[in-house]
Number of protein chains: 2
Amino acid sequence: MRIGELSKQCGIPVETIRYYEKEGLIPAPPRSASGYREYSKASMSFLSFIQSAKAVGFSLKECRNLLSIFVTRDAHTCAEVKDLSEQKLEDLQTQMQALANMHQTLKAISDACCGGDESAANCAILNKFEGSET
Amino acid sequence: MRIGELSKQCGIPVETIRYYEKEGLIPAPPRSASGYREYSKASMSFLSFIQSAKAVGFSLKECRNLLSIFVTRDAHTCAEVKDLSEQKLEDLQTQMQALANMHQTLKAISDACCGGDESAANCAILNKFEGSET
DNA sequence: ATAAACCCTGAAGTTAGCTATAGGGTCAAG
DNA sequence: CTTGACCCTATAGCTAACTTCAGGGTTTAT
Ligand SMILES: [Zn+2]
Ligand SMILES: [Zn+2]
Ligand SMILES: [Zn+2]
Ligand SMILES: [Zn+2]
């Protein structure tokens, strides 16, 4: 299968596949006589692995680590994989907490504004942002 | 007050202050005979405005819009300001939801892994990422 | 008067994850 | 046998929000 076909199969742009290869996420496939990349069906595992891991918040760098564990998984333990997974769960919670804090703060600021058609000369939101005055 | 002093007062690096000026977030202050920026105490309002708005999730571009409303606030309405604020609240919720979905998905995947010291040859996490097998 | 600490500009570099461009070779159909 | 779809490489560009660098002037303290 050539790169265009693989791209269609997994819904990842051709350029992105080449980019993943350059970044060392996926192994370089064999080439045809004319230099075209020849992918096997197994190549799709790698791409769907990346898609899945990305979808739950892993960066490409982390995907590369996960993939390198995946290809040598006999030499790795479940504990190791689960650790990475639980670390990411914590990261996600930390990020959610940060967003929740921002939301709460902004909600309080926003609620103080009347939202009317009058001039914003004394708008509570602008005043809070400025720093002090009631 | 020169830029180093302002920087110390508000906790924003000197380079960042100059960057904000170049990006049109804060007005260019007057210069001394030798070309040094001379800030008044009012300049700190702008910087603390940016800090506050950034802290609740506004991008610098959005901060610039908010600041331009702030400086001409007599010609703007509370409704306008509150709209921006509520839009940002929605953005934050959307982002939180996205993170919550990732968390939920990853949690389910992670729970399926035994986390033991055995080989990861059949690790449920890796298998899920790969795409299919139980 | 000289050295440290501060200030200036403009341009380039950083991170992440692509996307686009330039310039060219290859393959399948009509 | 040529046209259009496809493939290749290398390099540059994109967004966001800075940070760093190169090269040079100023202020302040000793
Ligand atoms: Zn009002
Ligand atoms: Zn208001
Ligand atoms: Zn296990
Ligand atoms: Zn496992």
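Below, chain A is the first sequence line, B the second, and so on; all start at residue 1.
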d([atom1], [X]; [atom2], [N]) in whole Å:
X     : N      : atom1 : atom2 : answer
B:E15 : C:dT14 : CD    : P     : 17 Å
B:I12 : D:dT19 : CD1   : C1'   : 15 Å
B:L6  : C:dC6  : CG    : P     : 15 Å
B:K54 : D:dA17 : NZ    : P     : 7 Å
A:Y39 : D:dC6  : OH    : P     : 16 Å
B:E5  : D:dT28 : CD    : C1'   : 15 Å
B:E23 : D:dT19 : CD    : C1'   : 14 Å
A:K61 : C:dC18 : NZ    : C1'   : 16 Å

Using distance alone, with no hydrogens and no angle criterion, decide if A:D91 and A:Q95 have a side-chain donor and acceptor under 3.5 Å apart.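 The criterion, which ignores hydrogens and geometry beyond distance, is not satisfied for A:Q95 and A:D91.
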
Can you find a side chain N or O atom of [X] that sits less than 4.0 Å from OP1 or OP2 on [N]?
X     : N      : result
A:R31 : D:dT9  : yes
B:T16 : D:dT19 : yes
A:Y20 : C:dC18 : yes
A:R37 : D:dT9  : yes
B:R18 : C:dT9  : no

Determine whether the aromatic ring centres of residues B:F70 and B:F49 are separated by less than 6.0 angstrom. yes

Examine distances only and state if a side-chain atom of A:R64 and a backbone atom of A:E23 form a donor-acceptor pair shorter than 3.5 Å.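 Yes, A:R64 side chain to A:E23 backbone: donor-acceptor pair under 3.5 Å.
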
Say whether, by atom type as modelled, one donor and one acceptor occur between the side chain of B:T16 and the main chain of B:I12 under 3.5 angstrom.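 No, because the side chain of B:T16 does not come within donor-acceptor range (under 3.5 Å) of the backbone of B:I12.
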
Report the residue (B:A33 or A:S34) whose heavy-atom-nearest nucleotide on DNA chain D is the more 5′ of the two. A:S34

Closest nucleotide of DNA chain D for B:S32 versus for B:S59: which of these residues is on the 5' side? B:S59

To the side chain of A:K22, which of C:dG17, D:dT19, D:dT11 is closest? D:dT11

Out of D:dT19, D:dC6, C:dC7, whichever nucleotide has its closest atom nearest the side chain of B:Y19: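 From the listed options, D:dT19 comes nearest.
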
Record whether the side chain of B:Y36 comes under 3.5 Å of the base of D:dG25 through a donor-acceptor pair of N or O atoms.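 Checked by distance alone, the answer is yes.
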
